[in-house]
Protein chains: 2
Amino acid sequence: MTNSQIDDLTNTIASECIAVRLRIVNRVVSKIYDDAFRPLGAKISQMNILVAVGKMGIARPADVCQVLHLDVSTLSRNVERMKARGWLEVIPDEDGRAQPFRLTSAGKKLIEQAAPAWKKAQKQSQELLGVAISGQLNQAVKRIDELT
Amino acid sequence: MTNSQIDDLTNTIASECIAVRLRIVNRVVSKIYDDAFRPLGAKISQMNILVAVGKMGIARPADVCQVLHLDVSTLSRNVERMKARGWLEVIPDEDGRAQPFRLTSAGKKLIEQAAPAWKKAQKQSQELLGVAISGQLNQAVKRIDELT
DNA sequence: TGTCTTTAATTGTATATACAATATTTATAT
DNA sequence: ATATAAATATTGTATATACAATTAAAGACA
């Protein structure tokens with residue numbers, strides 16, 4: 001391949017690649033939420049897990065991972081930190097392999113305290129991305145869940 | 001706030017949060033590209049930088065960061081690894097602070113070799129996310145660039 | 001010219017992420 | 001009942017990411 005052909009290919013990838021742009025938007029939006037939650041000592045990654053667990057009540061790692069499409073090893077480390085901060089607690093289970101956990105009262109309190117920051121970040125993200133994006137993301141996740 | 005009110009709040013955040021869904025899609029799509037590039041020993045994060053630099057020709061870290069909305073410290077470590085792999089090389093500059101770099105011939109070759117994998121991952125992502133998403137992402141990045 | 005400020009990048013530290021390997025427990029098959 | 005397989009989670013390792021602090025160089029200015 002000639003140098004000019006490689007240039008063409010490079011420009012095509014740079015300008016059309018879905019992953020490049022998705023990752024840019026992800027970084028920018030994650031930063032909006034991280035900035036909003038910083039005074040509370042929490043990050044969007046942790047709030048994601050917190051509300052997923054809150055919704056489930058009693059959550060097994062594998063179930064949380066299925067919902068959030070996280071690797072189990074990733075969740076394991078995140079939960080470790082969140083237990084250390086007192087937001088999650090492991091509860092016993094008949095199955096000796098399982099390590100189900102749930103929100104502590106501190107975890108619930110954190111969600112409550114974080115609500116204004118979340119609303120602010122959510123509004124800011126909607127304004128940045130436009131109204132259509134929310135539905136698109138819903139559809140995308142729905143499709144992802146169907147195919148998994 | 002009562003327990004039931006916290007439950008409502010939790011469910012609202014879990015089901016409406018833009019960041020949760022954006023981050024899910026980001027993980028799933030990044031994995032599609034990472035899987036495609038794995039035989040080449042590269043990751044989507046690195047290919048992003050590679051094509052951005054390729055498009056620029058001679059790239060200063062701060063410029064790459066502006067395009068990709070990456071923190072300079074993040075880029076610094078990534079470039080370090082990519083130099084070690086022989087894909088990027090630093091070139092001298094009059095300004096002693098600057099550390100501009102460019103693709104090596106091995107870097108160009110990698111782009112060339114990665115093209116089929118990229119096309120496959122790109123197609124798979126388009127099918128997964130639907131045709132509308134690409135335009136949405138374009139718009140979003142455009143908006144982000146305008147406001148920065 | 002010498003100090004002060006600004007700019008550019010790296011380094012220290014912490015979290016996030018995933019793959020591979022491992023440990024432990026439960027389920028299955030013979 | 002025992003050996004094997006499957007399921008569940010953790011641990012080892014590497015990369016990605018960002019904030020804070022630092023280093024180094026250039027620019028501004030008195």
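Residue numbers begin at 1 in each chain, while the letters A, B, ... track the order of the sequences.
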Practice problem: Pick base, sugar-phosphate or nothing for B:Ser73, based on heavy-atom distances below 4.0 Å to the nucleic acid. | Solution: base
Practice problem: Could you say whether A:Gly96 or A:Ile49 is positioned toward the 5' end of DNA chain C, judged by the nucleotide with the nearest heavy atom to each? | Solution: A:Ile49
Quiz item: With the threshold set at 4.0 Å, does a side-chain nitrogen-carboxylate oxygen contact exist between B:Arg102 and B:Glu89?
Solution: yes
Quiz item: For DNA chain D, whose closest nucleotide is more 5', that of A:Lys83 or that of B:Lys43?
Solution: A:Lys83
Quiz prompt | Residues B:Arg38 and B:Asp34 bridged, charged N to O under 4.0 Å | solution = no
Quiz item: Just how far, in rounded Å, is P of C:dT24 from CG of A:Asp93?
Solution: 18 Å
Quiz item: Start at the 5' end of DNA chain D and walk down; is the nucleotide closest to B:Asp71 or to A:Leu75 reached first?
Solution: A:Leu75
Quiz item: When all nucleic acid strands are considered with a 4.0 Å heavy-atom cut-off, which category describes A:Arg27: base, sugar-phosphate, or nothing?
Solution: sugar-phosphate
Quiz item: Strictly by modelled atom types, are B:Gln122 and B:Tyr33 linked by a side-chain donor-acceptor pair under 3.5 Å?
Solution: yes
Exercise. Answer with base, sugar-phosphate or nothing: what part of the nucleic acid does A:Arg81 contact at a heavy-atom distance below 4.0 Å?
Key: base
Quiz item: Would you call B:Asp145 and B:Lys142 a salt bridge, taking side-chain N to carboxylate O under 4.0 Å as the test?
Solution: no
Quiz item: With a non-hydrogen cut-off below 4.0 angstrom, is B:Ser76 in contact with a base, only sugar-phosphate, or nothing?
Solution: base
Quiz item: Do B:Arg143 side-chain atoms and B:Asn138 backbone N/O form a donor-acceptor pair below 3.5 Å?
Solution: no
Exercise. Give a yes or no on whether a donor-acceptor pair under 3.5 Å exists between the nucleobase atoms of C:dT24, that is its base, and the side chain of A:Arg97.
Key: no
Quiz item: Can you pull the contact range of chain A along DNA chain D, 5' to 3', using atoms under 4.0 angstrom from its heavy atoms?
Solution: D:dA7 to D:dC19
Exercise. Give a yes or no on whether A:Gln126 atom CD has more than 12 heavy-atom contacts from other residues, nucleotides or ligands under 6.0 Å away.
Key: yes
Quiz item: Which is true for A:Leu70 with a 4.0 Å heavy-atom rule: it touches a base, it touches only sugar-phosphate, or it touches nothing?
Solution: sugar-phosphate
Quiz item: Out of curiosity, A:Ile13 CD1 to A:Asp8 CG, how far, rounded to the nearest 0.5 Å?
Solution: 11.5 Å
Self-check item: Interatomic distance where CG belongs to A:Asp95 and C1' belongs to C:dA27 [whole Å]
Solution: 10 Å
